[in-house]
Peer 1: 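Dumping the structure here so I can ask a few things about it.
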Amino acid sequence: MSVALVQIQSCTVDMIRIKCPYCGERDHSEFTYGGDASIKYPALDAPVSEWTKAIFFRENIRGMQKETWHHTNGCRLWLEVERSTITHEIKSVKACHPQIEKITKNKS
Amino acid sequence: MTSLRKENYGKINREKVLGFNWDNKEYFGYEGDSLASALLANDVRIVGRSFKYHRPRGVMSCGVEESGALVTVGSGSSRDPNVRATTQELYSGLNASGQNAFPNVNFDFGGVNNYLSRFFAAGFYYKTFMGLPPFEWGKGTGIWMIFEKIIRKAAGMGKASREPDPDSYEHANDFCDVLVIGSGPAGIAAAQEIANNKLDVILIEQDSLLGGNSLSQKDFDPYLLNTQLKSSGIRVMPRTTAFGIYDNTIIGALERVTDHVPNPHNNLPRQRFWTIRAKHIIVASGALERHIAFNNNDLPGAMTVNASKHYLNRYGVLTGNNIVISTNNDSVYQTAKELHEAGSKVTILDSRENVNHDLSKDIDLHLNTLPFSINGRKKIDGIDICKTTDLSNKNTIICDQVLMSGGWSPIVNLVSHRGIKPTWNQENLCFIPGEIKENISVVGSAKGIWDEKNCIESGFVGANEAMNTFGIHKKEISFPSVGGWSNPIEPLFEVKSNKFPSKSFVDFQHDVTAEDVRLAHREGFISVEHLKRYTTLGMANDQGKMGNIIGLSLMAEQLDKTIPQVGTTVFRPPYTPVPIGALTGRNVGKHFRPLRVTPMHQWNIDHGAKMIEVGLYQRPWYYPKKNETLSDSYIRETTIVRKTVGICDVTSLGKIAIQGPDATELVNRIYTNPFAKLPIGKARYGIMLRDDGIVMDDGTSWRLGENEYFMTTSTAAAAKVMSWLEELLQTRWTDLKVNVTSVSEQWAGAAIAGPKSRDVLNECVFDPSEITNDNLPFMGVLQTKLKDGTPCRVVRISFSGELAYEMYIESDYAHGMMDLLWESAQKYDGCLYGLEALGALRVEKGHVTAAELDGRVTIDDAGLGKMASTKKSYIGSAMRKRGVLSADDREMLVGFFPINEKETFNAGTIVCEKNNIKGQGVGRITSVTHSPELGHWIGIGFVRGGLEKWKDITLIGADPVRNKQMEIKVVSPHMIDPEGKRMYA
Amino acid sequence: MLNRNSAIIEKYNIGKYPFEDKIEIILFENRNLIIQQIAAWPDEIPNVEKFFSDQLGVQKNIDFNRGKILNNNSLWRMEPSKWLLLGSTINLPENLGTSLELSHAFTSITIKGEKSDILLNRHLPLDLRLDNFPIHSSASSAIHHVSVKLFRLSEKEFRLLIPRGFALSIWEILLETASQFGYEVIDS
Amino acid sequence: MTRFNAWNVFKNGFTGQKSWDRQWRDPVPKKEYDIIIVGGGLHGLATAYYLAKNHNKKNIAVLEKGWIGGGNAGRNTTIVRSNYMMPGNHEFYEHSLKLWEDLSHDLNYNVMFSQRAHVSLFHSPGARDGAARRYNIMRLHGTDAELWDLETLKKNIPHLNYEDARFPIMGAAVQRRAGNARHDSAVWGYARAADSLGVDILQNCEVTGVKRSQNNIESLETSRGTIKAKKVGFAVAGHTSVLWQMAGLGNLPIESHKLQAFVTESIKPLLDHVVVYGVGGAHFYISQSDKGSMVFGGDLDWYKSYAQRGNLPIVQDCAEAAMAIMPCLGRIRLLRHWAGVMDMSMDGSFFICKTPLSNLYLNAGWNYGGFKASPASGWYFADLIANEQPHKHVQNHNLERFEKGINIDERGAGPDPKLHG
């Protein structure tokens, strides 16, 4: 190859809409991003090494990841959202709390 | 000066004559004119100067792609630079002027750059100006910054006002089933078809008139069309530009509400920023005609062919008497005919060998012919032409206008915002939108369909696609094929000149020439993005709408590649630039952020409070008596609190109701100190840590009942703590049966502090016998009533070290409570006190706040290690002592006194050893105050190793940014009443 | 009892403010509105619904984001397991959940008139078209970064609950926007 | 190579600009290099340059998956400053600023570093004192720093909103030696200078796999073939975790977030300083490019992302902040905005450190600070790779600091990457 040519991706702008299982589809600006939902928090008295791993070392997934969002300016549910960190496409949304999840599942 | 206006042409209202001002001269135009058409009609040819060479420029197009006629509209605070004259509607009294020129665009001293242009090739400024010429001697940035000053002055385009923008703007939201962008034949067909099927349609058109390219047709009536569309229930939004398509079929659009109105009403916003969420979008955004790069192709009078057709048929302006049209495609022949019929002499140069067209004999058609160079300086005198086969043999044609058509580029920008890559159509020499997987359809010439009938047909196909989204299925028809000219277009991007330096402009506004592109390539800038950045091609206000494709073709030629191999450049939103004011909407000035006030806000102001911003809140800072300064005032307030009593609004603290059988368990897990055995009717001070063991917040929690707590947080952390509790309960501890609700707004609170506080309270409550030392001991909580029966809550709590209480009442009663308290306090010569005195009182007692708890401090550092239980686990208990967090030489909380008691000091002072005043020092002062009781300044802060290590050693407080340095000593942070006798009194 | 004090009294100027002789918005504050939050334990929701039926005469269970207008009060489901009772309070048995009075936490404003939905959409990103937000719908969202709760009382009549401390600021910005339609502030 | 100076610019004016060379070669990848730097951004190019220049290393390659400078180097607001206070951080950024000061001469490429002063507004006495702590520490390190009171500020920048600002401006903390630079020219300058010292810059050369033994990297699989390396340095901010996983090394204390930047249409000089603002939950910085565009930026886009695209609400937020301090900007039009992917670390500070593999070195976690840091980043990283020992200024900038409780968190925001914006 003699030249460096790259097909440039067009630039897009996000306007993520999150389908809150209670409120319906809303702009993401109503929500607060929490973080990686797959983190398993150790017991409160677990050793430092376990806590260090849980809160400092992250998988930093490039692709679909489960993450939490708080519907801060809405119903205030904490949601588990499955979202691509590349395309921002959202695959699923559900309430984090298992009992709330059950109540909202059938309705949404 | 001659009028070029033609009778019987145009859609302007000749009844309504509009006077306007251009470069301090009065002119006239008609209602329906653009500023560009009015200037052209008045034979004003030079309307702008280019960015780099300051070359004279005229009107080059009739729309948003304009990169020549950029002007400044208005003056004073409404001065609006870089306005495209082609899209600015004319109104009576419009005041416009040329820009980037001195003294004016007609005669510009900056034009000297044009003669120096041989030195100003692409990237020249990377190669020089570093040091003293000619060999860049010197070091550092000094010489560059002298050059920079000159360069900055010469660059830029228009001049912005320095006064606040006087207009208002607003945001708006809308929702619809189908959104159609563009009201040309394809968009109209689609919108009508969908509306006929009872769907909710919004049609957006950036122009003031509907019709798109139909407006360039002589017999087209935009007003009739408007009536028809509205009667079919379509929501029509003219003067609105869809500038971006976002995820989930959302568009951003800018509506120009009053930009065409002479004296708009104050109640109306100047522009609206629309966010429209549709279920399906139909893009009928049309196509733009390209120019051709050849020598001097930018002289005033050079224009796209379609633009001149618009000026004739929409505005009734014949832009030239002797016109040369240069083309490589069929789209110009109809225009040639019409220009000729309107009275111009017309010559066509077609680069193709064989063209089959029915032309009047009066129109000269030169086949196989290229434009080589335009002659003239400020206007066109003629054009040198040559055969495609022989560039050295030139003929000159006398003319006063040169029209160019190098082909058409569908406006694929909006769909490109969706990450959809355009594909190159070699047959039609243009990019067309790639395959779209979302609910977006592209129709008409935006899809590369040139023929009007086919455009309409494509509108119907787009409508069917949209209706599919709603489950309405119509007879399947497919898109007409791309293109539609009877004679194929042939490539003609650049006519190479042998002249040097070349003036074959690719990007007009930024003066990027074909030679610049070749130079960039020679220097190794062989990716499109490098090329763009090195030459600044496509980075002007038009974002390369006119020149990008030509630039790509030149690049492809250099690399010996095809255009699609070279790639497309990035199409970034916004499609057309959006004013910052419109993006901001009403969130300006005092509405930048909502103001949060406590229920006694007005009461505080009425009683003389000076306010200060604390987060979004305004809180009383101090209550000056006549002529008192801040420091007079807070020293008086502090003194009175210690002597008798003071009252302070503490409503801004966060308040959370914690209810349910597991309330105790929750509180016990989030605070470091034990809460499990807190009796009902008692409160406790607590510290919360983050997961990493660092202090997050402090506050109190009161046990109101078996299963109910009332938690207070710091003002700053209120929202954070609330979300944190919700997160814990909904994600980590889902088995706990607890409800948490913010009651920050429900309750107003006042602190009553000082030796006389109990007396004051006794006068205010229904049953004074309740407020005794026995019945309400330190940290006791009482739910009781004011003397008129209004319920309230009282807690005995102290951050001043004095006998003190806080009283909470439902917010609507706050004024009444303050009246009562104040009336009583005055009898004891009490005072109202603000945040400054509050701070002074707590510094004297060594209480920490956000100034100390800066997110790096552990509970031990803050001297509160005793509050960290070793008997239970809580958030942060594992991490709080990791590694060096429990080292002996940590910075620990201490108090500071100046050695010389007359000396003052500031928070932010760095504490250093006497002979080593540098680097990080050994500590810092975080909060200071004058202590009336001690009679000198005091501070709290941190020092490495704590009080033990530095007792009786003189240290230095270094505050070089305030030119201060003083000797200080380290003392206990509890500087007043360390045993707490007063508090328990 | 002490006098109650409205959060927006300083900027509550009763009167007509037409634009081009038109008034298309009417606003007023619902002073002294009683607001109670009822939060059910998730597994007790059916029992709480039965409790509503017994105590308040709510015939049918209230769906998500809907409300029921009763005699002197109304009951709105705002979260999966939370309701707001406007106009009165009831005593929820402790085993079913918790209740909390929030009458002073919000300022309630009614916005009605031909352009009421358009005024709201200048600030709220909610689809207020009647099919999507029918009468007796509710929603939680934000105006100008401030959480608000919205109720639709009729096609052109809405009620907003604004956190008290922000109410004055939001009231001002609503009036600023309303001035392009012409508005009237009437007695509360 | 033709030197860049006024004389040659003048000469070329008469010779059709014909004697300029390629600014960097386009070499064919060799089978093996002594040192491979993965990442052709500013950090990678600077590292290669200083390895060759300071440590006399030969046989170096920089691997870039796209075109050099196409990542965050070309996607930032070009601010250069050294107002950091945590131990190590301050020394590092001050060293960087010093390198910037003579970078044009060093590289023979005008990087247009304009020391026009970095003016950080404050709006409360508390914020003033917070700034005083930081700026005092700078002064005690011998770095320039000052506080401006309101009068001085008004005199220097008269057209800020001193009238009806929601949060009244009370003064500013100022570093006069700070300013901004032309980001692309820094990239090209480093590339040209590194190339002239023999560094192979391999564009379109994406690392697709890492071949390793227990303790070593043996070779890199790339889109242009297998390339062996004695030492490998990663400098791929935004995508560090991806390479790290490719090398089989598990998780890092890094999350990828995106940050937007904005430019307006060109206007005549309006703002002669870099102005920074942070109040009411906003975080905002603005300056004017030499071309005349207002260049500004704000907060992260709130959520984790590898996408180089921004979101609309942040665009509005930034516009609000712009108007809040400069209400005259209302009619100035936003021309472009874009986003870069940031390596957000758990404490907002960077990593220049050794790794579990003996011949792999890590340069990552630049958060917001990457552009200004790039000269020093290259300098200290080259030092680490050449000497195999971290310089004392970066001795705590490793992966172990979290478990050890070493705190170099400039903001004190804690282990939430999105809060370090």
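Excluded from the calculations below are hydrogen atoms, water molecules and symmetry mates; all remaining heavy atoms, backbone and side chain alike, are included. Here is how names work: the chains are called A, B, and so on, in the same order as the sequence lines, proteins then strands, and each is numbered from 1. No experiment lies behind these values; they were computed from the predicted model shown.
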Peer 1: Is it the side chain or the backbone of D:Glu400 that comes within 4.5 Å of chain B heavy atoms, both, or neither?
Peer 2: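 Looking at D:Glu400, nothing touches chain B.
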Peer 1: Measure the acute angle between the ring planes of D:Phe10 and B:Phe119, then classify it against the limits of 30° and 60° as parallel, tilted or perpendicular.
Peer 2: parallel
Peer 1: Chain B heavy atoms under 4.5 Å from D:Thr264: which part of the residue, side chain, backbone, both or neither?
Peer 2: side chain
Peer 1: With a 4.5 angstrom heavy-atom cut-off, could you sort out which part of D:Met326 is near chain B: side chain, backbone, both or neither?
Peer 2: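 No part of D:Met326 comes within 4.5 Å of chain B.
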Peer 1: Can you tell me which portion of D:Leu271 sits under 4.5 Å from chain B's heavy atoms? Options are side chain, backbone, both or neither.
Peer 2: backbone
Peer 1: Could you look at D:Glu146 and say if it's the side chain, the backbone, both or neither that has a heavy atom under 4.5 Å from chain B?
Peer 2: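 The answer is the backbone of D:Glu146.
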Peer 1: Regarding D:Asp149 and B:Arg962, does a basic nitrogen lie under 4.0 Å from an acidic carboxylate oxygen?
Peer 2: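 Result for this pair is no, no salt bridge flagged.
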Peer 1: Need one label for D:Arg116: side chain, backbone, both or neither, based on atoms under 4.5 Å from any heavy atom in chain B.
Peer 2: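 Both backbone and side chain.
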Peer 1: Name the one of B:Asp80, B:Ile580, B:Thr576, B:Leu254 that satisfies side-chain contact (heavy atoms from CB on, under 4.5 Å) with D:Arg333?
Peer 2: B:Asp80
Peer 1: Is it the backbone or the side chain of D:Glu320 that comes under 4.5 Å from a heavy atom of chain B, or both, or neither?
Peer 2: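 Its backbone and side chain both get close to chain B.
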Peer 1: Is chain B contacted by the side chain of D:Pro158, its backbone, both, or neither, given a heavy-atom distance below 4.5 Å?
Peer 2: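 Contact with chain B is absent: no heavy atom of D:Pro158 under 4.5 Å.
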Peer 1: Check whether D:Met112 gets within reach of chain B through its side chain, its backbone, both or neither, counting any heavy atom under 4.5 Å.
Peer 2: both
Peer 1: Hey, mind stepping through D:Lys268 and B:Gln99 against side-chain contact (heavy atoms from CB on, under 4.5 Å) and telling me if it holds?
Peer 2: CA-CA 10 Å; D:Lys268 294 286 178 199; B:Gln99 57 181 34; over 6 Å; no
Peer 1: Do you know which of B:Gly919, B:Ser927, B:Gly581 has the most heavy-atom pairs with chain D at a distance under 4.5 angstrom?
Peer 2: B:Gly919
Peer 1: What part of D:Leu103 gets closer than 4.5 Å to chain B, counting heavy atoms only: side chain, backbone, both or neither?
Peer 2: neither
Peer 1: Working to the nearest 0.5 Å, report the span between CH2 of B:Trp144 and CD of D:Gln115.
Peer 2: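 Spacing of CH2 (B:Trp144) from CD (D:Gln115) equals 12.5 Å.
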Peer 1: Does the distance from a Lys or Arg side-chain N to an Asp or Glu carboxylate O, for B:Lys590 and D:Asp164, drop under 4.0 Å?
Peer 2: no
Peer 1: Given that the side chain runs from C-beta out, which part of D:Ala413 has a heavy atom under 4.5 Å from chain B: side chain, backbone, both or neither?
Peer 2: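 Backbone only.
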